[in-house]
Amino acid sequence: MNRAASLWFLLLLAVDGVDRVVSTEDYDRICDAGDFPDPIDLRSDQLTVLLNGYSEARLPLLRSLAVSYASLPFVAAVIVIWGNPSVPSARLAIPTVHRPGATPISVVLHRTISLNARFLPRREITTRAVAVCDDDVIVDAASVRFAFDVWSTHRRRIVGFFARSHDLTPRGWIYTVHPARYSILLTKFMVLGTEYLFRYSCGGGEGMKKARGVVEEARNCEDILMNFVAAMETGSGPLMVGGDRIRDLGDVRNDGSEKMGAVGLSALIDHRKRRGECITEFHRTLGVMPLRYGFGKMVKDVGEQALCRKGGKLVLCDAQ
C-alpha cells in the first residue's frame with residue numbers, strides 16, 4: 001500500500017474530533033449570479049467536495065470522510081451539507097488537519113430537509129467541478145482522482161460510479177437497473193460542472209420549479225432531476241467510470257440480520273416504484289424526455305483478461 005493510500009485508510013479508521021465553524025445558508029441571493037465567483041476565475045485543477053449528511057448515527061463516518069477528502073491534494077474544499085435540522089449544531093464537530101494551507105472543511109446547516117439543497121450554488125465553491133457524494137459511501141483516493149480526470153476531458157457530462165436506467169413500459173416510465181445500459185448516475189458519488197448547480201436551482205423556468213417541487217414532495221429523486229438537467233444541456237447521457245475500492249455501506253445487499261434484509265428488499269421495491277413516478281413527473285413538467293443511454297464504462301487501463309498459470313494458480317496474465 002502506497003503512502004497516499006495508507007493515509008486515506010488511516011483517516012477512515014480513527015480521527016480526533018475538533019470543532020469547526022458551523023454556518024447557516026443564506027437563501028436571500030442564492031440565484032444572483034453576480035454574487036458568485038466569475039466562472040473564468042474558477043480553478044480547473046481542483047474540485048470541491050459536497051458531502052451530504054442527515055443521519056446522526058453516521059456522524060463518525062461523515063467526519064472521517066470529510067477529513068479523508070480534505071487530505072487529497074486536488075480537493076480545494078470540503079463542504080458538509082447537513083440536512084437534519086433536528087440535530088443540535090454542537091454535535092456536528094468536524095475534524096481539521098493541522099498543517100499550513102490545510103484544505104478547509106465547513107458545515108452548512110439547512111433549515112429544511114429538502115434534497116434540493118444538495119445542488120444549491122454556493123459562494124464558497126471556487127472550482128469548475130464539484131463532487132457530490134453521500135455519507136455512507138467510501139471511495140478510495142485513486143478512484144476519486146480517476147473520476148475527476150475523466151470529467152476534466154468531458155466537462156459537460158456527469159461522471160460517476162453508480163449507474164441506473166430508465167425504461168418505457170406500457171404502464172409508463174420505470175426506474176431500473178439494466179445489465180447493458182444506463183442513463184442515470186447517482187449522487188452516491190458524482191462529479192459534475194459547477195454551472196449545473198445554478199441551472200438546477202435557478203434555471204429552467206416554471207417547468208424546473210415544478211420539478212424541484214416533485215423532489216420536495218417525494219424527498220427523493222434529486223439525482224434523477226440533475227441527470228435531466230445535464231442531458232437537456234448536452235443531448236448526451238452521463239459517463240460511468242470504474243473504481244478500485246468502493247464501499248457502499250447503505251446498500252441493502254450488505255451483510256446484516258435477516259430482519260434488515262427483509263426490510264431492505266421491501267424498501268428497494270418501493271424505492272424503485274417511487275423513482276419511476278419521479279421520472280414520469282419530470283417528463284410531464286419539463287415537457288421532454290432528455291435522458292440518453294450509455295453502454296460502456298471508462299476504466300483506467302485496458303489489460304489482458306486471459307488467464308495464465310502462475311505458481312500453480314490461474315491468475316490474470318497481466319498480474320505481477
Side-chain angles (χ1 to χ4, degrees), residues 5 8-9 11-13 15 47 49-69 71-72 75 78 80-84 115 118-119 130-148 150-151 158-166 175-179 181-192 219-224 226-227 238-275 278 294 297-300:
W8 184 266
F9 181 70
L11 285 168
L12 288 175
L13 288 181
V15 181
L47 57 74
V49 173
L50 304 178
L51 178 58
N52 195 63
Y54 181 87
S55 171
E56 187 173 0
R58 288 204 293 265
L59 270 173
L61 179 57
L62 181 145
R63 295 186 183 107
S64 296
L65 287 172
V67 174
S68 298
Y69 287 125
S71 74
L72 302 179
V75 170
V78 177
V80 176
I81 304 169
W82 187 256
N84 187 349
L115 289 174
R118 303 192 73 170
F119 295 127
V130 294
V132 180
C133 47
D134 284 346
D135 61 352
D136 57 0
V137 174
I138 302 173
V139 182
D140 64 282
S143 296
V144 177
R145 176 79 246 188
F146 179 57
F148 180 42
V150 171
W151 176 86
I158 297 177
V159 175
F161 303 106
F162 300 89
R164 300 292 186 267
S165 186
H166 74 296
Y175 172 86
T176 185
V177 178
H178 195 282
R181 67 188 184 198
Y182 60 90
S183 56
I184 298 165
L185 290 180
L186 307 185
T187 44
K188 290 175 182 290
F189 190 100
M190 64 163 60
V191 179
L192 67 157
R219 291 179 58 185
N220 202 329
C221 306
E222 81 288 354
D223 47 359
I224 298 176
M226 178 55 86
N227 280 269
L239 284 174
M240 184 182 182
V241 294
D244 291 334
R245 296 177 303 280
I246 300 175
R247 290 193 63 192
D248 180 2
L249 303 179
D251 195 310
V252 297
R253 294 168 294 185
N254 281 301
D255 291 339
S257 67
E258 293 182 5
K259 181 178 180 181
M260 287 178 63
V263 172
L265 179 60
S266 174
L268 181 60
I269 294 172
D270 183 61
H271 175 70
R272 290 186 180 180
K273 178 177 181 294
R274 287 186 288 122
R275 286 168 71 82
C278 285
K297 178 167 64 176
M298 300 191 73
V299 296
K300 285 189 289 187

(request) Tell me, with the steps shown, if Leu186 and Phe161 meet side chain to side chain contact (heavy atoms under 4.5 Å, CB included). (result) CA-CA 8 Å; Leu186 307 185; Phe161 303 106; over 6 Å; no

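A salt bridge is absent between Asp223 and Lys188: the closest approach of a Lys/Arg side-chain nitrogen to an acidic carboxylate oxygen does not fall below 4.0 angstrom. A salt bridge links Arg58 with Asp135; the closest basic N to acidic carboxylate O contact falls under 4.0 Å. In summary, Asp140 and Arg145 do not engage in a salt bridge, as defined by a charged side-chain N under 4.0 Å from a carboxylate O.
Between the Ser143 side chain and the Val139 main chain, no donor and acceptor come within less than 3.5 Å of each other. Side-chain atoms of Ser183 come within 3.5 Å of backbone atoms of His166 as a donor-acceptor pair (strictly under, hydrogens ignored). The main-chain N or O of Ala57 is found under 3.5 Å from a side-chain atom of Ser55 such that the two form a donor-acceptor pair. In this structure, Asn84 contributes its side chain and Gly53 its backbone to no donor-acceptor pair below 3.5 Å.
In summary, the side chains of Arg118 and Thr187 do present a donor paired with an acceptor at a separation below 3.5 Å, with no hydrogens or angles considered.
Among Asn227, Ile158, Leu185, the one residue that satisfies the side chain to side chain contact (heavy atoms under 4.5 Å, CB included) test with Leu192 is Ile158. Of the listed residues (Leu50, Asn52, Val49), just one forms a side chain to side chain contact (heavy atoms under 4.5 Å, CB included) with Val132, and that residue is Leu50.
In this structure, Tyr182 and Ala163 approach most closely via the heavy-atom pair CB-CB, 3.6 Å. The nearest pair of heavy atoms linking Val150 to Leu239 is CG1-CD1, 4.3 Å. Considering all non-hydrogen atoms of both residues, Arg164 and Tyr175 come closest at CG-OH, 2.9 Å. In this structure, Met298 and Phe146 approach most closely via the heavy-atom pair O-CE2, 3.5 Å.
Between Tyr69 and Phe189, the ring planes are tilted. Angles from 30° to 60° get that label.
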